[in-house]
Amino acid sequence: MLAVVPPPVTVRVPSKINLHLSVGDARDDGYHDLTTIFQALSLTDEVTVAATEEPGLEVHGEGAKSVPTSEDNLAWRAVQALAEHVGRSGDENKVHIVLRKGIPVAGGLAGGSADAAATLVGLSALWRLDISRDELAGIAATLGSDVPFALYGGTALGTGRGEQLVPVLSRHVFHWVLAFDQRGLSTPRVYGELDRLRADGDPPRVGSHDPVVEALASGDPRQLALLLGNDLQAAAVSLRPGLRRTLRAGVNAGALAGTVSGSGPTCAFLCEDAESALEVAAELAGAGVCRTVRVAHGPVPGARVVGGEDAPRPTTPPQVHA
Ligand SMILES: C[C@@](CO)(OP(=O)(O)O)[C@H](O)COP(=O)(O)OP(=O)(O)OC[C@H]1O[C@@H](n2ccc(N)nc2=O)[C@H](O)[C@@H]1O
Ligand SMILES: Nc1ncnc2c1ncn2[C@@H]1O[C@H](COP(=O)(O)OP(=O)(O)O)[C@@H](O)[C@H]1O
């Protein structure tokens, strides 16, 4: 009898920024407890998974050359973790994966985590698994602290390592400009730099996240702009002093406020509306402070099969190159 080969599945998955990131002291396991508010943005990666006789991984797009294609790639780790979880083995797990990256590598926008989440969703469809998103989130948390958020998207409060999530009401759409830096920054290195800065002195700490939750519910970008904050920003700036100039340039270009996203080095600038975001992007692109500029909006949904019933509308953002 002929085996029926299922058609490939493509999943679109958002990047994230941290509107608020409060980092506690280092734990014994090397992680830091944190309180963060994530927002998923329309800057996306696309991941296609296909059943094959010859497993492989192709990477195209933003930063493709610096993405590992070995077993270190988070997409491969997702294949392995899901297969183990559902008890599949050997030939059953042979997949070909194509990553089309829009999210910069090691940019503080959780691109690798996004690809892992997309792979879990894509394989669930390809393998016709009856598995809930909450069950996938349990597997996702073993792959990285930011992976569960990429499954759900939207706006969420993250605690623990960032993997424990509750949704946060966010009214209206917020418009962002993202400034990509020349090179990425390593997340563990930035957390290590924060520990060093805290051992030597008293870098600024963000306050409570409650006002941020209120600003999101109000939908007023001016209110939210006053409250963006990230404990890792001092560490990212310490490792990459040029980010100070980038942050200043975004505000000078007309953004309401700017922040380093996560461990950086991407800077996210909140703008009044879509039109203002395009103006800020154009001016920032000419300021010579970053490699590339993108506009994006949020919140958007988490990893979704493209063309599936719950697929989001295509959200390719206009692109402005520095
Ligand atoms: C900083 C943040 C903010 O959202 O995002 P990025 O800037 O990387 O996108 C996250 O905390 C990054 O999460 P993620 O990139 O998934 O990190 P993981 O793979 O879980 O951990 C990588 C390393 O980061 C450090 N780490 C991560 C999370 C955490 N709560 N405390 C930590 O100290 C640890 O050194 C860990 O070994
Ligand atoms: N699919 C992937 N895409 C990008 N980077 C990946 C991927 N899989 C593994 N990595 C590794 O993860 C590191 C962090 O990448 P990324 O998730 O993009 O950044 P960040 O943690 O700053 O959000 C990269 O330097 C790369 O070596």
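Whatever order the structure lists them in is the order used to number ligands and atoms, beginning at 1. Values in this document were obtained by computation on a predicted structure and should not be read as measured data.
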Minimum-distance pair of heavy atoms, taken over all atoms of Q223 and S218: OE1-OG, 3.0 Å
Is there a donor in the side chain of T35 and an acceptor in the side chain of S22, or the other way round, less than 3.5 Å apart? no
Select the closest option to atom 20 (O) of ligand 1 among S113, G107, S145, judged by heavy-atom distance. S145
H96 and E58 side chains, donor-acceptor separation under 3.5 Å: yes
In this structure, atom 5 (N) of ligand 2 is nearest to the protein heavy atom V105 CG1, 3.9 Å
Within the 4.0 Å heavy-atom shell around G144, which atoms of ligand 1 are there? 16 (O), 20 (O)
Is there a side-chain contact between E272 and R222 (heavy atoms, below 4.5 Å)? yes
I need the nearest protein heavy-atom contact for atom 27 (O) of ligand 2: residue, atom name and distance, please. P68 CD, 3.8 Å
For a salt bridge (charged side-chain N to carboxylate O under 4.0 Å, His left out) check, start with the C-alpha distance between R291 and E62, then their side-chain angles and the critical distance, and finish with the verdict. CA-CA 12 Å; R291 176 170 61 84; E62 173 63 42; 2.6 Å; yes
May I ask you to decide if the ring planes of F38 and F149 are parallel, tilted or perpendicular, using 30° and 60° as cut-offs? parallel
Of all the atoms in ligand 1, which lie at a distance below 4.0 Å from a heavy atom belonging to L34? 11 (O), 30 (N)
With the side chain counted from C-beta on, respond yes when V300 and T44 share a heavy-atom pair under 4.5 Å apart, and no when they do not. no
When distances are taken from atom 1 (C) of ligand 1, the protein heavy atom at minimum range is Y191 OH, 3.5 Å
Considering the heavy atoms of G107, write down every atom of ligand 2 situated less than 4.0 Å from one of them. 19 (O), 22 (O)
Interatomic spacing from OG1 in T246 to CZ in F180 - rounded to 0.5 Å: 13.0 Å
What protein heavy atom lies closest to atom 21 (O) of ligand 2? Include the residue and the distance to one decimal. T187 OG1, 3.2 Å
Mode of L232 contact toward ligand 1 - side chain, backbone, both, neither (heavy atoms, under 4.0 Å): side chain
State, yes or no, whether a side-chain contact exists between L82 and R88 at a heavy-atom distance under 4.5 Å. no
Nearest neighbour in protein (non-hydrogen) for atom 34 (C) of ligand 1: G30 O, 4.0 Å
Answer with yes or no whether the side chains of Q39 and T155 bring together a donor and an acceptor at under 3.5 Å. yes
Those atoms of ligand 1 less than 4.0 Å from some heavy atom in S263: 1 (C), 6 (P), 7 (O), 8 (O)
For W127 versus E92, what's the shortest heavy-atom pair and its separation? NE1-O, 3.9 Å
F38: numbered ligand 1 atoms lying under 4.0 Å from its heavy atoms: 4 (O)
Atom 23 (C) of ligand 1: the protein heavy-atom neighbour that sits closest, reported with distance to 0.1 Å: P188 CG, 4.0 Å
Going by the closest heavy atom to atom 1 (N) of ligand 2, which one wins out of D115, L109, V47, L57? D115
Near D72, which atoms of ligand 2 are under 4.0 Å from a heavy atom of that residue? 9 (C)
When V121 is tested against each of V9, V47, L151 for side-chain contact (heavy atoms from CB on, under 4.5 Å), which residue passes? L151
For L99, the ligand 2 atoms whose distance to one of its heavy atoms is below 4.0 Å: 1 (N)
Looking at side-chain heavy atoms only, is the closest gap between L178 and L41 below 4.5 Å? yes
Quick test: of every protein heavy atom, which one is nearest to atom 8 (N) of ligand 2, and how far off is it to 0.1 Å? L74 N, 3.0 Å
I need the atoms of ligand 1 closer than 4.0 Å to a non-hydrogen atom of G262, numbered in the order shown. 7 (O)
Heavy-atom nearest neighbour in the protein, as seen from atom 23 (O) of ligand 2, with distance rounded to 0.1 Å: A110 N, 2.7 Å
For atom 12 (C) of ligand 1, which candidate among T36, T266, T187, D195 provides the closest heavy atom? T187
If you scan the protein for heavy atoms around atom 12 (O) of ligand 2, do you find one that is closer than 4.0 Å? no
T259 versus Q233, closest heavy-atom pair with distance: OG1-OE1, 3.4 Å
Determine the minimum heavy-atom distance between A253 and V280, stating which atoms define it. O-CG2, 3.5 Å
Protein residue, atom and distance nearest to atom 4 (C) of ligand 2, heavy-atom basis: K101 NZ, 3.7 Å
Minimum non-hydrogen distance to atom 17 (O) of ligand 2, winning option of A118, P265, G112: G112
Should one rank D146, L185, V147 by closest heavy-atom distance to atom 14 (P) of ligand 1, which comes out on top? D146
Could you tell me whether S66 and ligand 2 have an N or O pair separated by under 3.5 Å? no
With respect to atom 22 (O) of ligand 2, which of G108, S70, P104 exhibits the smallest heavy-atom separation? G108
Check V23 against ligand 1 and report side chain, backbone, both or neither, counting heavy atoms closer than 4.0 Å. neither
Among all protein heavy atoms, pick the one closest to atom 21 (O) of ligand 1 and tell me residue, atom and distance. Y31 CE2, 3.7 Å
Tell me the protein heavy atom at minimum distance from atom 15 (O) of ligand 2, and give that distance in Å. A106 N, 3.5 Å
Is there side-chain contact between V213 and H20, with at least one heavy-atom pair below 4.5 Å? no
Report yes or no: does G162 have a heavy atom closer than 4.0 Å to ligand 1? no
Looking only at distances, can you tell me whether any N or O atom of H32, backbone or side chain, sits closer than 3.5 Å to an N or O atom of ligand 1? yes
Side chains of R198 and V23 in contact at under 4.5 Å (non-hydrogen atoms): yes
Closer than 4.0 Å to some heavy atom of A110 - which atoms of ligand 1 meet that? 9 (O)
Please work out which of R161, R189, K16 has its closest non-hydrogen atom nearest to atom 9 (O) of ligand 1. K16
Distance-minimising heavy-atom pair for V251 and F269: N-CE2, 4.2 Å
